Amino acid sequence: MGGTIRIDNKDIKNLELYEISLLVSNVFQNPKTHFFNINTTLELLLYLENIGLSKKQMDERLNDMLDLFPIEHLLNRDIFKLSGGEKQILCIAASYISGTEIIVLDEPSSNLDEENILIIKEMLIKLKDKGKTLIISEHRIFYLMDIVDRVFLIKDGEIQKEYTQIDFMKIPSEKLKKLGLRNKNRVKLTVPKMKIREI
């Protein structure tokens with residue numbers, strides 16, 4: 001490997017893993033790989049417990065998160081009984097509650113229906129409004145178009161091109177398809193009407 005990765009002007013080669021976790025949190029493509037607990041509330045508080053916060057501090061962060069994301073209905077639930085969308089919502093909430101300024105998301109809309117994608121979108125907007133830096137890797141991009149500031153096209157581990165939001169929006173759909181990206185506009189699916197034949 002070559003090159004340097006700096007976070008908050010710190011070279012991560014000189015940092016312990018726990019030190020990096022104080023700077024960056026992440027949301028995986030498959031939320032199942034995120035969890036350590038069966039109980040949803042314990043999962044949200046796990047990281048805070050590991051960094052040594054007091055019960056009072058954990059309660060404050062939990063209440064702050066609930067003010068931002070009204071997901072009380074997901075507390076004290078069995079993680080195995082959550083839908084895929086609910087699991088991803090929980091992962092994003094856990095990343096926020098960690099207190100990191102940078103959140104990396106790997107295809108957070110993967111395997112989600114449109115309703116949950118739009119919930120995720122609202123969560124990302126709230127995180128951005130809070131000043132969080134969001135780094136998102138995605139192929140399905142329609143829900144991100146009014147969130148992104150910059151778009152990087154990466155191929156074989158190298159940045160091929162950087163776009164502003166305005167420039168990216170000018171790229172024709174045909175070119176996006178050739179790049180392996182989906183439509184930048186929300187596509188409404190329609191089911192053709194079937195003709196009923198009398199027998």
Side-chain angles (χ1 to χ4, degrees), residues 5-10 12 15 17-29 31 34-37 40-77 82 84-110 112 114-138 140-152 162-166 168-169 184 186:
I5 299 174
R6 291 185 176 277
I7 303 171
D8 195 22
N9 210 29
K10 300 179 179 81
I12 66 167
L15 298 176
L17 188 57
Y18 79 89
E19 293 175 304
I20 298 170
S21 78
L22 294 170
L23 301 170
V24 182
S25 58
N26 62 292
V27 175
F28 296 116
Q29 178 179 353
H34 184 105
F35 303 127
F36 289 89
N37 285 289
T40 54
T41 305
L42 293 178
E43 180 62 34
L44 286 169
L45 298 176
L46 175 71
Y47 176 81
L48 306 184
E49 194 174 28
N50 282 340
I51 62 172
L53 294 193
S54 67
K55 185 177 185 313
K56 181 175 180 288
Q57 290 170 311
M58 288 192 278
D59 286 342
E60 286 170 355
R61 287 217 196 172
L62 183 63
N63 289 328
D64 171 58
M65 183 274 294
L66 291 172
D67 285 341
L68 188 64
F69 305 131
I71 58 169
E72 289 89 349
H73 63 287
L74 296 183
L75 297 183
N76 290 310
R77 298 261 307 272
L82 299 183
E86 288 172 328
K87 287 174 184 170
Q88 198 63 298
I89 288 165
L90 194 72
C91 290
I92 294 173
S95 290
Y96 172 70
I97 208 173
S98 73
T100 63
E101 293 303 313
I102 302 169
I103 302 174
V104 178
L105 302 100
D106 178 19
E107 297 192 72
S109 72
S110 179
L112 300 187
E114 190 168 327
E115 180 182 352
N116 280 296
I117 290 172
L118 295 178
I119 292 170
I120 297 297
K121 175 183 177 177
E122 290 306 310
M123 293 180 80
L124 297 178
I125 289 170
K126 288 180 177 182
L127 289 171
K128 186 177 178 184
D129 288 345
K130 281 277 191 181
K132 301 296 182 183
T133 298
L134 305 175
I135 301 171
I136 305 169
S137 171
E138 263 290 13
R140 178 188 286 144
I141 56 176
F142 77 89
Y143 73 101
L144 297 172
M145 289 301 92
D146 50 357
I147 298 173
V148 298
D149 299 307
R150 292 186 294 165
V151 178
F152 295 90
E162 177 184 351
Y163 302 91
T164 65
Q165 181 197 44
I166 293 168
F168 189 77
M169 290 300 288
K184 60 182 177 287
R186 187 174 169 190

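These numbers were taken from a predicted model, which means no experiment stands behind them.
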(message) Going by side chain to side chain contact (heavy atoms under 4.5 Å, CB included), name the residues that satisfy it together with S110, two or more places apart in sequence or in a different chain.
(response) Q29, E107
(request) Please determine which of I103, I97, L127, I71 meets the side chain to side chain contact (heavy atoms under 4.5 Å, CB included) test together with I92. (result) L127
May I have the list of side-chain donor-acceptor pairs in residues 41-48 shorter than 3.5 Å, sequence neighbours left out?
residue, atom, partner, partner atom, Å
T41, OG1, N76, N, 2.7
T41, OG1, N76, OD1, 3.4
E43, OE1, F36, N, 2.8
E43, OE1, N37, N, 2.9
Y47, OH, S21, O, 2.8

(request) Measure the NE2-CD1 distance between H73 and I89 for me, rounded to the nearest 0.5 Å. (result) 6.0 Å
(request) Answer whether the closest heavy-atom distance between the side chains of V27 and Q88 falls below 4.5 Å. (result) yes
(request) Taking side chain to side chain contact (heavy atoms under 4.5 Å, CB included) as the test, write out the residues that go with K126, two or more places apart. (result) L68, F69, P70
(request) Locate the shortest heavy-atom distance separating E138 from S109; write the atom from each residue and the value. (result) OE2-OG, 2.6 Å
(request) Could you tell me the separation between the OG1 atom of T40 and the NZ atom of K87, rounded to the nearest 0.5 Å? (result) 12.0 Å
(message) Can you give me the closest heavy-atom contact between M58 and L53, atom names plus distance?
(response) CE-O, 3.8 Å
(message) Contact between P31 and L90 at the side-chain level, heavy atoms closer than 4.5 Å - yes or no?
(response) no
(message) Can a side-chain donor-acceptor contact be found between Y18 and N50 if the only test is distance below 3.5 angstrom?
(response) no
(message) Please determine whether side chain to side chain contact (heavy atoms under 4.5 Å, CB included) holds for the pair L66 and E72, giving the CA-CA distance in whole Å, both sets of side-chain angles, and the decisive distance to 0.1 Å.
(response) CA-CA 7 Å; L66 291 172; E72 289 89 349; 4.1 Å; yes
(request) Please report the shortest heavy-atom distance between A94 and H34, naming the atom on each side. (result) CB-NE2, 3.9 Å
(message) For R140 versus L112, what's the shortest heavy-atom pair and its separation?
(response) NH1-O, 3.9 Å
(request) Work out which heavy atom in Y143 is nearest to a heavy atom in I147; give both atom names and the distance. (result) O-CD1, 3.7 Å
(request) Mind checking side chain to side chain donor-acceptor pair (under 3.5 Å) for E19 and listing every partner two or more places apart, or none if nothing turns up? (result) none
(request) Only pairs at least two apart or in different chains count here, so list each ring pair (Phe, Tyr, Trp, His ring centres under 6.0 Å) that has a residue in residues 114-134. (result) none
(request) Please tell me if the side chains of I125 and K128 come closer than 4.5 Å, counting only heavy atoms from C-beta onward. (result) no
(request) Find the distance between CG (L17) and CG (L22) and round it off to the nearest 0.5 Å. (result) 10.0 Å
(message) Taking ring pair (Phe, Tyr, Trp, His ring centres under 6.0 Å) as the definition, give me every residue that meets it alongside Y163, ordered by chain and number, with sequence neighbours left out.
(response) F168
(request) Please determine which of I12, I102, T100, L15 meets the side chain to side chain contact (heavy atoms under 4.5 Å, CB included) test together with L23. (result) L15
(message) Going by the rule side chain to side chain donor-acceptor pair (under 3.5 Å), which residues pair with T164 if we only count those two or more places apart in sequence or in a different chain?
(response) D167
(message) Can you list everything that forms a side chain to side chain contact (heavy atoms under 4.5 Å, CB included) with V148? Sequence neighbours excluded, please.
(response) L144, M145, V151, Q165
(message) Using the salt bridge (Lys or Arg N to Asp or Glu O under 4.0 Å) criterion, which residues pair with E49? Sequence neighbours excluded.
(response) none
(message) I'd like to check the side chain to side chain donor-acceptor pair (under 3.5 Å) partners of R6; sequence neighbours left out, ordered by chain and number.
(response) none
(request) Return the set of residues passing side chain to side chain contact (heavy atoms under 4.5 Å, CB included) with D59 (not counting sequence neighbours), or none when no residue passes. (result) K55
Under 3.5 Å donor-acceptor pairs involving side-chain atoms of residues 116-123, not counting sequence neighbours:
residue, atom, partner, partner atom, Å
N116, ND2, D113, OD1, 3.0
K121, NZ, D146, OD1, 3.3
K121, NZ, D146, OD2, 3.2

